[in-house]
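Here the structure is a predicted model, which is why all the values come from computation and not from measurement. Order of the sequence lines fixes the chain letters, A, B, ..., with proteins taken first and strands second; residue numbering starts at 1 for each chain.
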Amino acid sequence: MSSYAFNEIEKKWQDHWEENKTFRTPDEVDTSKPKFYVLDMFPYPSGVGLHVGHPLGYIATDIVARYKRMLDTNVLHPMGFDAFGLPAEQYAVEHGVHPRITTDKNIQNMLRQLKRLGLSYDWDRMFSTTDTDYYKWTQWIFLKLFNSYFDEQDQKAKPISELIQALTSGTYAIDGEFKIIAPNAEGSRSWNELDEKEQDQVLANYRLAYMAEVPVNWCPGLGTVLANEEVTNEGRSERGNFPVFKRPLRQWMMRITAFADRLIDELDDVEWPEPVKMMQRNWIGRSKGAFIEFQVKGHDQNIKVFTTRPDTVFGATYMVLAPEHPLVDQLTTNEQKEKIADYQTWAASRSEIERLAEGKEKTGVFTGAYAINPVNNTEIPIWIADYVLAGYGTGAIMAVPGQDERDWEFAETFDLPIIRTVQPPEDFDGKAYTGNGPAINSDFLNGLKIKEAKHAAIEWLSNNNTGEGATNFKLRDWLFSRQRYWGEPFPILHHPDGIIKAIDVADLPVTLPEMEDFSPSASEDPNAPPVPPLGRSDDSWKFIEIDGVVYARELNTMPQWAGSCWYYIRFIDPQNANQFVDPDKEKYWLGENGVDLYVGGSEHAVLHLLYSRFWHKVLYDLSYVTSKEPFGRYFSQGYIQAFAYRDERGIAVPADDVIDQDGNPATEVQDQNDRQFSYKGSPVTREYGKMGKSLKNAVSPDEVCDQYGCDTLRLYEMYMGPLDASKPWNTRDIIGSSRFLRRVWRNYVDENTGESLVVDAQPSDDLLHILHKTIKRVTESMDRLSFNTAIAALIELNNALVSLDKIPLEIAKAFTLMLAPLAPHISEELWERMGHSSSLAHENWPKYEERYVTESMVEIAVQINGKVRGTIKIPVNAPKELVLDTAKTNDSVSKYLEEKTLRREIYVPGKIVNLVVN
RNA sequence: GCCGAGGUGGCGGAAUAGGUAGACGCAACGGACUUAAAAUCCGUUGUCCUUUGGGACGUGCGGGUUCGAGUCCCGCCCUCGGUACCA
């Protein structure tokens with residue numbers, strides 16, 4: 001017997017690849033050859049290991065890597081672990097086990113699972129973001145950011161030393177808010193007049209990594225900041241139900257907003273799915289408009305607003321400040337104080353999503369103060385309302401109900417005046433009119449179209465010193481610190497007088513201290529200063545004496561994003577102890593376009609990809625990398641979804657143990673409609689969602705490998721549908737991929753004798769046609785990552801071989817090579833059995849010959865009035881007249897032409913004939 | 001709410017420039033082989049009507065453009081991803 005023994009075969013070839021380092025990309029490659037850098041989003045090593053959803057992208061990139069190697073390309077295909085993160089830390093808090101122990105254990109398990117899938121990674125390049133050798137360089141990059149500023153003139157990052165130089169030499173002066181202004185400006189001071197602390201404040205306003213007070217969800221009961229999604233509607237923590245307060249905290253920030261224009265504009269240069277580019281553009285949210293200053297009646301202060309519609313300024317009938325706006329307290333009149341304070345408290349407890357939701361009841365409170373509209377000196381009331389967010393624009397708006405729907409709703413609710421300043425069309429019967437039209441009720445703007453009116457308004461405002469044209473972004477600076485233990489420590493020291501000192505590059509890495517208790521310090525007092533876990537570390541770590549000054553270490557850590565922001569660079573040169581990457585290697589592997597193919601889940605479409613691009617651009621400006629963009633081509637994969645079941649209490653139960661009314665396992669009847677499901681005798685309800693731990697519907701790749709082998713698993717996952725679509729896991733369908741491979745095996749190997757069925761004989765002409773058409777189909781499918789259709793083509797070719805007693809060598813070889821990227825183990829085995837002594841990993845991909853791909857006759861459909869009534873076979877190059885005659889005289893067509901008038905004849909060569917009659 | 005994607009047989013999906021809807025696989029049904037079962041091989045399989053020939057309908061719902069629409073346009077419904085501290 002010599003049936004398809006996938007267990008032995010897969011073990012044999014995985015060992016072979018490992019022993020021979022088949023997929024090792026040497027440190028020095030032949031750089032005259034083209035390169036292909038294909039990368040996965042590396043996983044977080046979770047305790048439950050991989051489920052079958054994880055490898056979806058990994059299998060796809062592996063196929064590409066193997067395919068590219070067969071096209072004589074240098075391939076870089078690495079893998080690692082994004083191993084800082086909350087679960088290991090949470091486990092440490094609860095069980096006192098050091099996160100490193102948990103993390104290492106999980107990595108070992110996931111590594112075993114990944115290797116079992118036959119993925120052709122260069123494992124010698126593997127690392128984790130938690131390796132000190134790696135995070136040393138994460139800290140190094142952080143220092144580059146800290147020591148850089150954004151030069152507005154040149155639109156690029158530069159070393160802050162250049163700015164200091166310019167300041168010292170008196171090129172600029174400093175204003176009262178520690179911002180740089182023209183020299184000798186009124187009320188300015190020169191840099192050299194400032195003390196060290198003041199100078200530090202100036203630089204903080206320009207560094208790309210800086211500290212600032214920002215409002216966050218502070219949960220003193222947990223001693224940490226929470227994500228919006230971790231806060232309940234009642235304003236309490238999901239975990240533990242502690243109260244949560246919106247409170248300003250001094251946090252590390254990244255000045256990503258400085259790069260907003262480039263992050264939008266340079267998207268044009270990358271080959272990414274258009275929807276992802278769209279999401280990034282919308283996220284950055286560039287809008288052109290104007291800042292306008294409104295004087296407050298009886299106060300010195302002005303209120304600055306951003307508006308995209310400066311043309312409607314005559315229609316500004318009231319103003320709205322965000323409840324958190326710093327001027328609210330000063331402006332509010334005594335009678336209104338209590339109401340305002342109540343409203344502020346209420347608004348602080350609401351999530352941003354709730355606050356922006358349209359269609360809900362508008363809420364707000366009058367401050368009692370009035371502003372003066374600069375264009376007509378009208379007094380307009382100042383309100384606060386939660387539909388204005390502190391973080392967007394200036395946190396204040398001029399409300400123009402005539403041209404803005406939300407303002408109209410608000411004005412109606414509170415009976416505020418509405419003035420139209422754009423003439424709606426006569427048949428317009430809506431409320432706010434946002435369309436185009438001539439300006440009305442607008443003095444010097446009257447009659448102008450929106451675009452002209454905007455220009456005119458901005459010109460008037462600048463001439464009168466009450467405003468200026470401006471571009472505003474929705475994008476906010478990136479909040480970069482976390483109150484956690486299991487993250488990269490900041491290479492930062494705090495001087496007792498508040499000055500921030502960067503640790504010397506030579507003293508990197510700053511390693512995490514050993515600790516027993518990893519929890520942050522909780523408190524009942526919402527105003528108590530936060531004490532992150534590192535605050536519990538030994539004083540010998542927390543304090544460091546330099547030149548007689550005792551500095552305190554920064555106690556926050558970096559977010560998980562930090563490690564994943566640049567790992568694609570480190571893979572190029574992972575062991576380099578002297579540099580974050582060797583410049584020559586970087587130049588070859590990233591080149592002009594960066595990573596050649598990056599595959600990952602669409603949930604990363606905005607944040608991770610945006611943060612990475614930002615860091616990359618800084619490194620590019622500082623001449624550390626050669627490509628403007630990190631990822632030249634990006635592909636979003638879909639999710640594997642699965643059915644999940646909940647009991648009467650709404651708790652998810654293990655999907656594996658759910659049965660239907662006839663006792664069948666639920667997983668076998670999931671696509672039938674008339675099933676009632678139960679778990680341990682009690683009825684359960686069914687839902688559908690992303691496979692994972694929380695829904696208890698995860699399927700481990702180990703199970704499938706045990707039962708069918710990983711070649712089958714690989715094929716099944718790719719055959720489920722297009723890579724970018726989400727699709728349901730259906731265990732029952734796996735058998736189809738398994739049958740295909742067994743059928744392949746039997747075409748090559750006599751199961752009774754073990755003899756090869758491959759013979760060196762001339763294939764029939766028919767078979768050559770099928771072969772070459774298949775090569776064409778598979779090659780084209782591979783090039784567009786359409787592996788499901790590549791597999792379908794191979795199945796068809798294989799089915800055509802089933803009826804043969806022996807298969808010709810030419811066909812057998814080409815078929816094996818095409819199957820190899822998809823199902824590499826069985827392919828290597830068959831290749832060896834055809835007499836080859838080395839791996840097929842670097843064999844040449846088959847090429848098709850045009851003469852076998854084209855047919856002499858083609859079948860086309862004949863339509864009458866757009867309905868197919870028959871088909872005809874015609875020579876490929878038949879002249880139109882002949883085709884139309886053949887069509888009209890065809891038996892099943894001609895009867896539709898009787899007693900009718902032929903009005904029109906359409907012939908699309910090779911496709912269709914359509915005869916229009918009546 | 002906002003931004004983005006999707007909806008095609010009993011199920012997963014195919015149809016790359018608007019041109020024969022349902023390739024390929026699963027399930028189901030019929031047959032061959034077998035003492036039997038499994039495995040394997042051959043065939044049928046969108047729905048409805050029809051005696052055969054065939055006909056009508058059909059890509060979430062409602063409209064539209066076109067000789068021709070799964071594909072393009074307008075309006076709706078539902079599902080999924082993101083919404084900045086999950087990453």
Regarding Arg742(A), tell me which of base, sugar-phosphate or nothing describes its non-hydrogen contacts under 4.0 Å with the strands shown. sugar-phosphate

If you measure from the P atom in G68(B) to the same atom in C57(B), how many Å do you get, rounded? 15 Å

When the distance from CG of Leu884(A) to C1' of C67(B) is rounded to whole Å, what number comes out? 13 Å

Let's test this: given Watson-Crick or G-U wobble pairing with both distances under 3.5 Å, identify the partner of G19(B). C67(B)

Has Lys474(A) got a side-chain atom pairing as donor or acceptor with Ser287(A)'s backbone, closer than 3.5 angstrom? no

Toward the 5' end of RNA chain B, which comes first, Pro275(A) or Phe84(A), by nearest nucleotide? Pro275(A)

Can you check the distance between U40(B) and G55(B), where both ends of the measurement are the P atom (answer in whole Å)? 39 Å

Using purine N1 to pyrimidine N3 plus N6-O4 or O6-N4 for Watson-Crick, or N1-O2 and O6-N3 for G-U wobble, both under 3.5 Å, which nucleotide pairs with G25(B)? C11(B)

Please report the distance separating the C1' of A21(B) from the corresponding atom of U47(B), rounded so that it comes out in whole Å. 14 Å

Do any side-chain nitrogens or oxygens of Asn799(A) fall under 4.0 Å of OP1 or OP2 in C24(B)? no

With a 4.0 Å cut-off on heavy atoms, is Glu796(A) in touch with a base, just the backbone sugar-phosphate, or nothing at all? sugar-phosphate

Here's a test of your reading of the structure: between Arg743(A) and Lys867(A), which maps to the more 5' nucleotide of RNA chain B? Arg743(A)

Would you indicate what Gln483(A) reaches in the nucleic acid, counting non-hydrogen atoms under 4.0 angstrom: base, sugar-phosphate, or nothing? base

At under 4.0 Å between heavy atoms, what does Ser892(A) touch on the DNA or RNA strands: base, sugar-phosphate, or nothing? nothing

Which of these nucleotides, C85(B), G4(B), A27(B), is closest to any side-chain atom of Met279(A)? G4(B)

Leu819(A) and Asn798(A): CA distance, side-chain angles, deciding distance, side-chain contact (heavy atoms from CB on, under 4.5 Å) verdict: CA-CA 11 Å; Leu819(A) 183 63; Asn798(A) 192 56; over 6 Å; no

Are the aromatic ring centres of Tyr716(A) and Tyr708(A) under 6.0 angstrom apart? no

Regarding Leu475(A), tell me which of base, sugar-phosphate or nothing describes its non-hydrogen contacts under 4.0 Å with the strands shown. base

Judged by atom type as modelled, is there a donor-acceptor pair below 3.5 Å linking the side chain of Gln560(A) to the main-chain atoms of Phe84(A)? yes

Taking atom types as modelled and ignoring hydrogens, do the side chains of Asp724(A) and Gln637(A) form a donor-acceptor contact shorter than 3.5 angstrom? no

Contact class for Lys277(A) vs. all strands (heavy atom < 4.0 Å): base, sugar-phosphate, or nothing? nothing

Any salt bridge (charged side-chain N to carboxylate O under 4.0 Å, His left out) pairs touching residues 789-798 of chain A, not counting sequence neighbours? Arg777(A)-Glu796(A)

Which nucleotide, in any strand shown, forms a Watson-Crick or G-U wobble pair with C86(B), with both distances under 3.5 Å? none

Taking the C1' atom of each, how far is U34(B) from C41(B), in whole Å? 13 Å

Under a 3.5 Å cut-off for both contacts, is C57(B) paired Watson-Crick or G-U wobble with anything, and if yes, with which nucleotide? G46(B)

Selection from C41(B), A27(B), C80(B) that lies nearest to any side-chain heavy atom of Val802(A): C41(B)

Describe, in one word, how the ring planes of Phe480(A) and Trp478(A) are oriented to each other, choosing from parallel (under 30°), tilted (30 to 60°) and perpendicular (over 60°). perpendicular

Nearest-angstrom distance, C1' atom, A69(B) to U59(B): 10 Å

How about Ser3(A) and Trp745(A): does a side-chain donor come under 3.5 Å of a side-chain acceptor? no

Ring center gap for Phe245(A) and Trp218(A) short of 6.0 angstrom: no

Indicate, with a heavy-atom threshold strictly under 4.0 Å, whether Glu274(A) touches base, sugar-phosphate, or nothing. nothing

Please confirm whether the shortest side-chain N or O distance from Arg746(A) to OP1 or OP2 of C41(B) is below 4.0 Å. yes

Asn799(A) and Arg743(A): side chain donor to acceptor below 3.5 Å: yes

Treat primed atoms plus P, OP1 and OP2 as sugar-phosphate and everything else as base, then score nucleotides 11-20 of chain B 5' to 3': B for base contact with protein heavy atoms under 4.0 Å, S for sugar-phosphate contact only, - for none. SBSSSB--BB

Just checking Phe81(A): base, sugar-phosphate only, or nothing, at a heavy-atom cut-off of under 4.0 Å? nothing

What's the gap between G81(B) and C86(B) when it is taken at their C1' atoms, as a whole Å value? 14 Å

Which is true for Asp82(A) with a 4.0 Å heavy-atom rule: it touches a base, it touches only sugar-phosphate, or it touches nothing? sugar-phosphate

From Leu741(A) atom CG to Ile795(A) atom CD1, the distance as rounded to the nearest 0.5 Å: 9.0 Å

Within 90° of 0 counts as syn, otherwise anti: where does A17(B) fall? syn

Grab the CG-P distance between Leu609(A) and A84(B) for me, whole Å please. 17 Å

Heavy atoms only, 4.0 Å cut-off, all strands: where does Ile795(A) land among base, sugar-phosphate and nothing? sugar-phosphate

Atom CE of Met718(A) and atom C1' of C24(B): how far apart are they, to the nearest Å? 16 Å

For U79(B) and Tyr639(A) - does any side-chain N or O of the residue sit under 4.0 Å from the phosphate oxygens OP1/OP2? no

How far, in whole Å, is A23(B) from U45(B) if one measures between their P atoms? 10 Å

If C41(B) has a Watson-Crick or G-U wobble mate with both distances under 3.5 Å, name it; if not, just say none. G31(B)

Give one of base, sugar-phosphate or nothing for Ile791(A), where a contact means two heavy atoms less than 4.0 Å apart. nothing

I want to verify the glycosidic state of G68(B); is it syn or anti under the 90° rule? anti

Considering only atom C1', compute the distance from U71(B) to U65(B) and round it to an integer number of Å. 14 Å

Any residue of residues 555-565 of chain A with a heavy atom less than 4.0 Å from an atom of RNA chain B: Gln560(A), Trp561(A)

Looking at every strand, decide which applies to Asp724(A) at a 4.0 Å heavy-atom threshold: base, sugar-phosphate, or nothing. nothing

For Phe42(A) together with Tyr567(A), are the ring centres under 6.0 Å from each other? yes

Report the glycosidic orientation of G43(B): syn if within 90° of 0, anti in every other case. anti

Partner nucleotide of A36(B) by Watson-Crick or wobble geometry (both distances under 3.5 Å): none

Donor-acceptor pair under 3.5 Å: do we get one between Gln251(A)'s side chain and the base of C85(B)? yes

From the options Phe631(A), Tyr634(A), Tyr598(A), select the one residue that forms a ring pair (Phe, Tyr, Trp, His ring centres under 6.0 Å) with Tyr568(A). Phe631(A)

Side chain of Glu603(A) - closest among U40(B), C85(B), G82(B): G82(B)

Considering every strand shown, what is the Watson-Crick or G-U wobble mate of A5(B) when both distances are under 3.5 Å? U79(B)

CG of Asn228(A) versus P of G1(B): gap in Å, rounded? 18 Å

Checking the side chain of Trp729(A) only, and the main-chain atoms of Gly53(A) only, is there a donor and an acceptor separated by less than 3.5 Å? no

With a 4.0 Å cut-off on heavy atoms, is Arg281(A) in touch with a base, just the backbone sugar-phosphate, or nothing at all? nothing

Which is true for His604(A) with a 4.0 Å heavy-atom rule: it touches a base, it touches only sugar-phosphate, or it touches nothing? base

